[in-house]
Amino acid sequence: QVQLQESGPGLVKPSQTLSLTCTVSGGSITTKSSYWTWIRQPPGKGLEWIGAIAYSGSTAVSPSLKSRTSISRDTSKNQITLQLSSVTPEDTAVYYCVRSASGAREYDYWGQGTQVTVSS
């Protein structure tokens with residue numbers, strides 16, 4: 001079974017860059033038709049799609065976050081990395097690494113989520 005594990009700081013200060021890593025086991029991030037996706041859920045709000053990196057290495061990012069979001073991968077470590085720069089308290093959320101098997105916004109595997117708080 002595919003397992004995803006998010007890791008990174010739980011607290012970051014405004015203006016800093018948030019870096020989160022998703023370590024994938026039980027499957028390769030280069031498996032055909034797999035899309036490795038970051039979503040988040042601010043407190044009291046719904047899920048927000050951040051962006052994804054495909055099995056091919058192609059990336060897509062939400063237009064609202066594109067200017068300060070970078071998604072990359074390390075195939076040797078089977079890891080996906082999210083970098084979100086210039087964070088503000090509005091970026092406080094639970095961040096999830098999830099997999100789509102099709103590229104659609106439906107996810108068959110989820111990480112447990114990691115709480116990120118942006119505060120000074």
Side-chain angles (χ1 to χ4, degrees):
Q1 292 287 87
V2 174
Q3 294 180 319
L4 301 89
Q5 178 71 247
E6 303 94 340
S7 63
L11 179 66
V12 293
K13 294 183 176 181
S15 83
Q16 293 185 333
T17 295
L18 169 66
S19 294
L20 297 175
T21 297
C22 175
T23 300
V24 178
S25 61
S28 173
I29 61 174
T30 62
T31 295
K32 191 172 183 179
S33 298
S34 65
Y35 296 79
W36 306 91
T37 304
W38 289 98
I39 59 175
R40 67 182 183 180
Q41 186 167 32
K45 298 182 179 180
L47 293 169
E48 178 184 14
W49 185 83
I50 299 170
I53 186 164
Y55 60 99
S56 62
S58 180
T59 59
V61 177
S62 172
S64 66
L65 299 170
K66 188 175 182 179
S67 65
R68 58 191 186 98
T69 300
S70 177
I71 297 173
S72 58
R73 68 181 184 175
D74 185 337
T75 57
S76 69
K77 297 180 179 179
N78 218 36
Q79 291 181 328
I80 309 298
T81 297
L82 169 69
Q83 293 189 308
L84 181 64
S85 66
S86 303
V87 299
T88 75
E90 297 303 309
D91 295 310
T92 294
V94 178
Y95 285 73
Y96 296 94
C97 180
V98 300
R99 188 188 83 162
S100 168
S102 67
R105 296 185 187 184
E106 49 190 50
Y107 311 112
D108 53 0
Y109 293 98
W110 291 62
Q112 85 285 354
T114 185
Q115 172 69 51
V116 176
T117 299
V118 180
S119 177
S120 61

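Excluded from the calculations below are hydrogen atoms, water molecules and symmetry mates; all remaining heavy atoms, backbone and side chain alike, are included.
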Checklist entry - Who are the side chain to side chain donor-acceptor pair (under 3.5 Å) partners of Thr59, not counting sequence neighbours? => result none
Checklist outcome for this item: The complete set of disulfide (SG to SG under 2.5 Å) pairs with one or both residues in residues 8-61, sequence neighbours excluded, reads Cys22-Cys97
Checklist entry - Any disulfide (SG to SG under 2.5 Å) pairs touching residues 48-86, not counting sequence neighbours? => result none
Checklist outcome for this item: Note: Asn78 and Ser25 closest approach over all heavy atoms is ND2-N, 4.4 Å
Next on the checklist: Going by ring-ring contact (aromatic ring centres under 6.0 Å, His included), name the pairs with one or both residues in residues 38-72, residues two or more places apart or in two chains.
Outcome noted: Tyr35-Tyr55
Under 3.5 Å, which donor-acceptor pairs link side chains of residues 111-120 to any protein atom two or more places apart or in another chain?
residue, atom, partner, partner atom, Å
Gln112, NE2, Gln5, OE1, 2.7
Gln115, NE2, Thr117, OG1, 3.4

Item to check | Backbone of Leu65 reached by a side-chain donor or acceptor of Thr69 within 3.5 Å | outcome: yes
Expected list for residues 79-86: side-chain donor-acceptor pairs under 3.5 angstrom, two or more places apart:
residue, atom, partner, partner atom, Å
Gln79, NE2, Thr23, OG1, 3.0
Gln83, NE2, Ser19, OG, 3.4
Ser85, OG, Arg68, O, 3.4

Checklist entry - Checking side-chain hydrogen bond (donor to acceptor under 3.5 Å, both in side chains) for the pair Ser56/Ser58: CA distance, chi angles, key distance, verdict? => result CA-CA 6 Å; Ser56 62; Ser58 180; 4.8 Å; no
Item to check | Sequence neighbours excluded - ring-ring contact (aromatic ring centres under 6.0 Å, His included) pairs with any residue from residues 59-92 | outcome: none
Checklist entry - Of all residues at least two apart in sequence or in a different chain, which pass the side chain to side chain contact (heavy atoms under 4.5 Å, CB included) check with Gln16? => result Val12, Lys13
Next on the checklist: For Arg73, give me all partners under salt bridge (Lys or Arg N to Asp or Glu O under 4.0 Å), at least two apart in sequence or on another chain.
Outcome noted: none
Item to check | disulfide (SG to SG under 2.5 Å) contacts touching residues 27-85 (sequence neighbours left out) | outcome: none
Checklist entry - Between Val61 and Lys66, which heavy-atom pair has the shortest distance, and what is it? => result CG1-CA, 3.5 Å
Item to check | Sequence neighbours excluded - salt bridge (charged side-chain N to carboxylate O under 4.0 Å, His left out) pairs with any residue from residues 20-45 | outcome: Arg40-Glu48, Arg40-Asp91
Item to check | Val2: partners by side chain to side chain contact (heavy atoms under 4.5 Å, CB included), with sequence neighbours left out | outcome: Leu4, Val24, Trp36, Arg99, Tyr109
